[in-house]
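The next block holds one structure in the form of structure tokens; read it before the comments.
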Protein chains: 2
Amino acid sequence: MTEARQPQSSIARPPRVTKRRAETRQRLLDAALEVFAEEGFGRASVEDVCTRAGYTRGAFYSNFASLDELFLAMWEQRTEALLRAAGEALNEAAHRPIRSLEDGIDRFLEVVAVDDRWYRIEAEFTAHALRTPGLRGVMAEREARIAGLVLPYLERALGHVGRRVVDREAFAAALVAVHDGTAVQCLVEPDAPLAHQRRRTLFLAVVECYTEADPDA
Amino acid sequence: MTEARQPQSSIARPPRVTKRRAETRQRLLDAALEVFAEEGFGRASVEDVCTRAGYTRGAFYSNFASLDELFLAMWEQRTEALLRAAGEALNEAAHRPIRSLEDGIDRFLEVVAVDDRWYRIEAEFTAHALRTPGLRGVMAEREARIAGLVLPYLERALGHVGRRVVDREAFAAALVAVHDGTAVQCLVEPDAPLAHQRRRTLFLAVVECYTEADPDA
DNA sequence: CGGTCACGATACAGAAACGTATCAGATACA
DNA sequence: TGTATCTGATACGTTTCTGTATCGTGACCG
């Protein structure tokens with residue numbers, strides 16, 4: 001949104017120094033992840049993030065305009081990286097043929113495995129987005145990107161077992177909802193293996209209900 | 001947890017004045033809901049809540065030990081009320097016979113309709129609980145209570161259409177996961193009717209996958 | 001109806017955080 | 001290497017919040 005340290009002259013000019021700046025910016029982003037996961041977004045202060053990153057507030061205000069901006073930037077960067085990694089993993093997985101639906105689901109679950117710290121960030125971001133109208137579009141876009149990433153893999157995998165997706169959009173939305181909903185349970189449930197087991201079962205159920213036998217297979 | 005305003009004498013004595021105290025306490029609880037929904041739990045201050053409720057901090061510290069305590073008390077009170085209302089609505093609904101699975105789902109969805117403001121509180125609480133170990137048990141208990149409340153209704157309703165639940169625990173967990181996951185989508189999605197439509201479809205899918213035709217029917 | 005004590009308002013001191021203005025040192029480029 | 005520019009540290013004033021201590025008022029009870 002708002003970029004920190006606007007150009008002094010009325011004419012926009014590209015910054016001259018880049019390397020050092022990029023590094024501090026990145027360290028602040030990394031520190032933000034840790035601090036927000038531990039303290040929560042609302043309870044974290046600019047000072048907290050700076051201390052964790054090993055800087056003072058001068059560095060912060062030189063790179064970001066507000067905590068909100070830092071949070072959004074961090075979330076987008078990490079989401080980007082996760083989606084990229086997931087895409088590669090799925091592509092790699094798609095090359096190996098799968099034997100059964102369960103087999104495909106298991107591989108899929110390996111890719112979207114629940115990461116404790118990151119899911120706390122997701123929860124913080126969800127809460128934050130729900131009361132920040134401007135962020136709803138960002139969340140909706142995330143869902144669309146996930147759909148675009150996951151659907152091709154799943155459709156190919158499903159083709160191997162003779163099934164095809166009925167309603168692609170609805171299927172993708174259902175997967176995201178089930179992922180988010182079960183992730184919380186996996187973190188809260190005292191009996192973690194049980195929660196993961198149920199997660200798997202639910203994914204399987206969704207896949208079965210949103211697909212049908214492919215007559216062309 | 002910690003109770004505010006411990007008795008001065010070593011011998012516990014029941015408070016003499018009750019009515020006024022109960023009223024201010026309730027107003028603080030109500031104000032907390034509004035403030036936390038708007039500002040977020042982490043960004044809200046004791047002062048914010050007091051101002052909204054029409055009191056000063058003196059009243060607050062006389063009734064609660066911390067914002068955390070207030071948040072938990074408010075959440076538990078509202079959850080209690082919601083569960084009670086849902087229970088009554090379900091009981092009432094169960095008396096009318098249902099014609100089809102879709103019919104039953106629709107009635108069920110009327111009861112668990114997504115309330116914008118309340119779901120923001122849920123999101124705040126989820127994020128808060130994920131980084132507060134002591135609250136995980138509270139969330140797990142909530143799930144158990146929901147299961148105990150919803151399952152009897154659903155089983156009776158399913159009986160009417162000749163189906164029975166296979167794995168009750170897993171079924172209940174799946175319903176909670178789907179509810180939570182789709183609720184966010186309903187609030188974020190620009191096309192709200194579509195999101196609700198998908199929500200309905202997903203619930204239906206879960207019911208179908210976690211039940212089977214009842215041979216005794 | 002009068003006495004008593006609980007309740008919440010007020011005042012206070014300290015801490016924490018914010019955002020800015022300034023400056024010394026680092027960095028890129030000629 | 002010189003120098004213009006950028007970058008992050010430092011210092012500062014302000015605001016906001018916290019928690020406690022104290023006190024007046026009003027509600028309850030005999």
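Sequence lines set the chain letters: A, B, ... in the order given, protein chains first and strands last, and positions in each chain run from 1.
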- Item | B/Gly54 vs B/Arg57, nearer the 5' end of DNA chain C by closest nucleotide | B/Gly54

- Item | Nearest-Å distance for atom pair CZ/C1', residues B/Arg21 and C/dA9 | 15 Å

- Note on the structure: In whole angstroms, the gap separating P of C/dA6 from NZ of B/Lys19 amounts to 19 Å

- For C/dC7, does either OP1 or OP2 sit under 4.0 Å from a side-chain N or O belonging to B/Asn63? no

- Item | Sugar-phosphate, base or nothing in reach of A/Glu47, heavy atoms under 4.0 Å | sugar-phosphate

- Quick one: A/Phe64 CZ to C/dG19 C1', roughly how many Å, whole number? 17 Å

- Message: Is the ring pair A/His128/A/Phe71 parallel, tilted or perpendicular, if the boundaries are 30 and 60 degrees?
- Response: tilted

- Message: What is the distance, to the nearest angstrom, from the CZ atom on A/Arg52 to the P atom on C/dA17?
- Response: 14 Å

- Over how many whole Å does the gap from B/Tyr55 atom OH to D/dT25 atom C1' extend? 15 Å

- Message: What is the separation between atom CZ on B/Phe60 and atom C1' on D/dT20, rounded to the nearest whole Å?
- Response: 14 Å

- Starting from C1' on D/dC6, measure out to CZ on A/Arg20 and report it in whole angstrom. 8 Å

- Side chain of B/Thr24 (C-beta onward), nearest among D/dT18, C/dG8, D/dG8: C/dG8

- Query: Parallel, tilted or perpendicular: which fits the ring planes of B/Phe108 and B/Tyr153, with parallel below 30° and perpendicular above 60°?
  - Reply: parallel

- Any donor-acceptor N/O pair, B/Arg27 side chain to B/Ala53 backbone, under 3.5 Å: no

- Out of C/dC18, C/dG8, C/dG25, minimum distance to the side chain of A/Tyr61 belongs to C/dC18

- Item | Cation-aromatic face contact A/Arg43/B/Phe41, 6.0 Å, 45 degrees | yes

- Against the side chain of B/Val46, the closest entry in D/dT7, D/dT18, C/dG8 is D/dT18

- Whole angstrom value for the distance that separates C1' of C/dA16 from CG of A/Asp48: 10 Å

- Query: Base, sugar-phosphate, or nothing: which does A/Thr56 touch, judged by heavy atoms less than 4.0 Å apart?
  - Reply: base

- Answer yes or no: is there a donor N or O on one side and an acceptor on the other, between the side chain of B/Ser62 and the main chain of B/Gly58, under 3.5 Å? no

